Number of protein chains: 2
Amino acid sequence: MAAGILVVDDEQSIADLIEVYLKNENYDVYKSYNGLDALKHVETQNIDLAILDVMLPDIDGFSICQKIREKHNFPVIMLTAKDEEIDKITGLTLGADDYVTKPFQPLELVARVKAQLRRYTRYNSSEISREEKLITIAGLVLNKDTHECTLNEKPLSLTPTEFSILWVLASNRGRVVSSEELFREVWGDKYYTNSNNTVMVHIRHLREKMNDNAEHPKYIKTVWGVGYKIEK
Amino acid sequence: MAAGILVVDDEQSIADLIEVYLKNENYDVYKSYNGLDALKHVETQNIDLAILDVMLPDIDGFSICQKIREKHNFPVIMLTAKDEEIDKITGLTLGADDYVTKPFQPLELVARVKAQLRRYTRYNSSEISREEKLITIAGLVLNKDTHECTLNEKPLSLTPTEFSILWVLASNRGRVVSSEELFREVWGDKYYTNSNNTVMVHIRHLREKMNDNAEHPKYIKTVWGVGYKIEK
DNA sequence: AAATTTCTTAAGATTATCTTAAGGCGGCAT
DNA sequence: ATGCCGCCTTAAGATAATCTTAAGAAATTT
């Protein structure tokens with residue numbers, strides 16, 4: 001899976017430009033023109049690196065960087081205008097891993113991105129491909145690392161089994177997953193016995209917590225005789 | 001099964017040229033000269049990659065790309081004329097995985113197609129051969145993943161057995177399938193008893209849902225004394 | 001060890017689906 | 001033409017899948 005990069009700059013033309021160059025290198029780009037939107041991306045997308053402009057209309061880049069650092073450890077590259085000298089150093093102390101002054105050569109930025117990612121991925125996963133750790137569907141967000149789940153920003157407290165079931169459904173969204181397949185995925189093949197409705201009961205609990213009724217479900221749909229699915 | 005590639009360009013000569021090169025590499029090519037037709041292909045064929053021209057008479061390539069992204073996750077390669085400004089390249093924003101500027105070397109395009117497919121299939125199925133998951137016949141579309149069925153864009157709600165029977169007929173299209181064979185395929189050999197008209201009743205229900213009358217059927221034809229078939 | 005949370009089982013209720021069987025209709029052959 | 005046999009149609013009873021509850025078992029936390 002390609003690395004996800006968050007790009008935040010209130011000057012749209014600059015954000016767009018960076019995006020083009022990054023996409024060309026096959027990165028997944030998440031773009032924001034303001035800080036609030038950026039933070040939402042941080043919480044809901046698989047981000048591996050952030051490029052933050054310091055000057056933003058709402059929250060400044062340093063504060064965003066701090067917020068990121070509270071929960072994540074991916075690298076952050078700051079963009080600063082040349083005359084913002086003094087703050088630069090401050091920014092670095094607040095956890096940024098690199099900084100680039102505007103105006104900059106896009107290719108130089110790309111090179112720095114690559115360098116940071118090399119460093120980062122070395123520590124995290126020896127493999128090149130990353131597993132998906134975050135899934136977002138409509139208002140539903142699942143975080144596999146923390147086993148946290150939110151629905152329209154409100155946290156749902158799911159039990160481990162509930163989370164696993166929902167995770168399997170979510171990562172197969174669009175496809176019908178049979179009760180048996182769900183069981184094997186969550187409990188493992190060897191525990192499977194055919195007369196056992198435990199999956200169904202967990203589904204019921206999930207629907208309850210998600211305020212989903214079985215007849216007109218917004219999330220977990222039952223496909224009669226086949227299984228359950230979450231619409232794509 | 002060979003990978004399916006959608007080629008969309010309003011300049012027929014270009015689409016045709018691409019087609020020749022792709023066919024030569026043994027891909028299944030689905031060609032459109034406009035956006036609407038392309039979207040129809042997306043919903044009804046087994047597509048693994050799309051090549052989209054940006055400038056189209058009806059819907060532009062970016063919008064098509066967005067629409068694709070709502071439901072599918074196969075790679076998209078955009079074709080842009082060299083003089084189409086930079087902000088158009090921003091279209092990459094909307095989810096394209098690669099872009100090629102016209103005029104291009106056909107072999108370069110083919111190389112990029114291969115690269116994207118390599119990347120894509122690595123994430124999706126470790127196996128090289130894909131199962132057929134989508135069958136399209138005239139206005140009829142069957143999706144085995146979601147167990148969904150649409151007839152001229154309108155969804156038909158089929159029961160599991162109905163879906164299975166229709167699937168067997170559809171995947172044997174052009175051939176007559178006997179009532180007995182149908183039964184064995186759907187229920188399994190061991191359940192077969194010769195005096196039982198249940199297949200017939202299901203066929204009847206199918207025809208009802210498909211608005212097909214037995215005397216002049218558009219889809220499920222009965223071949224007297226032999227069985228049923230869907231015309232090729 | 002007690003308390004709490006979570007999981008599993010089982011049984012009854014509900015609903016969707018399947019099968020059976022019987023009567024009707026129409027091709028096909030004698 | 002007429003009778004047979006195979007297909008069509010229908011509806012009701014049988015079956016099977018799912019939903020819902022609740023209670024006891026297991027696991028986890030305090």
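Chain letters run A, B, ... following the sequence lines, proteins first, then strands; residues in each count from 1. These numbers were taken from a predicted model, which means no experiment stands behind them.
Evaluation of the side chain to side chain donor-acceptor pair (under 3.5 Å) rule for B:Arg207 yields no partner, not counting sequence neighbours. Not a single ring pair (Phe, Tyr, Trp, His ring centres under 6.0 Å) links A:Tyr219 to another residue, sequence neighbours left out.
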Only distances under 3.5 Å count here; give the side-chain donor-acceptor pairs of residues 224-232 of chain A to other protein atoms, sequence neighbours excluded, each with its distance to 0.1 Å.
residue	atom	partner	partner atom	Å
A:Lys229	NZ	A:Glu231	OE2	3.0
A:Lys229	NZ	B:Glu148	OE2	3.1
A:Glu231	OE1	A:Lys221	NZ	2.9

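We find that CG of A:Leu156 is positioned 13 Å from P of C:dT6, with the value rounded to whole Å. Following rounding to the nearest Å, B:Ile203 (CD1) and D:dT9 (C1') show an atom-to-atom distance of 14 Å. Atom CG in B:Leu206 sits roughly 15 Å away from atom C1' in D:dT9 (whole-Å rounding). With rounding to whole Å, A:Arg207 atom CZ is found 8 Å from D:dC19 atom C1'. Taking atom CE on B:Met200 and atom C1' on D:dT10, their separation rounds to 13 Å, with Å as the unit. One atom, CG of A:Leu158, and another, P of C:dT5, lie 16 Å apart when rounded to the nearest Å. Atom NE2 of B:His202 and atom C1' of D:dT10 are 15 Å apart (whole Å). For the pair B:Glu162 CD and C:dA16 P, the computed distance is 14 Å after rounding to whole Å.
For C:dT8, the OP1/OP2 oxygens have a side-chain nitrogen or oxygen of A:Thr198 closer than 4.0 Å.
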Under 3.5 Å, which N/O atoms of the protein pair with N/O atoms of nucleotides 21-30 of chain D?
residue	atom	partner	partner atom	Å
D:dT21	OP2	A:Arg204	NH2	2.6

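Between A:His202 and A:His205, the two ring planes are perpendicular [angle over 60°; tilted spans 30° to 60°].
B:Ala38 approaches B:Leu6 most closely through the heavy-atom pair O-CD2, 4.0 Å.
Not one N or O on the side chain of B:Arg175 forms a donor-acceptor pair closer than 3.5 Å with the backbone of B:Asn172. Side-chain atoms of B:Asn152 never come within 3.5 Å of backbone atoms of B:Lys154 as a donor-acceptor pair (strictly under, hydrogens ignored). Remark: side-chain polar atoms of B:Asp10 are not paired, donor with acceptor, to backbone N or O of B:Leu56 under 3.5 angstrom.
Counting only residues at least two apart or on different chains, the salt bridge (Lys or Arg N to Asp or Glu O under 4.0 Å) pairs with a member in residues 31-47 of chain B are B:Asp16-B:Lys31, B:Glu19-B:Lys31.
The stretch residues 216-227 of chain A touches DNA chain D through A:Thr222, A:Trp224, A:Gly225, each having a heavy atom under 4.0 angstrom from the strand.
A:Tyr228 comes within 4.0 angstrom of the backbone, heavy atoms only, and of no base.
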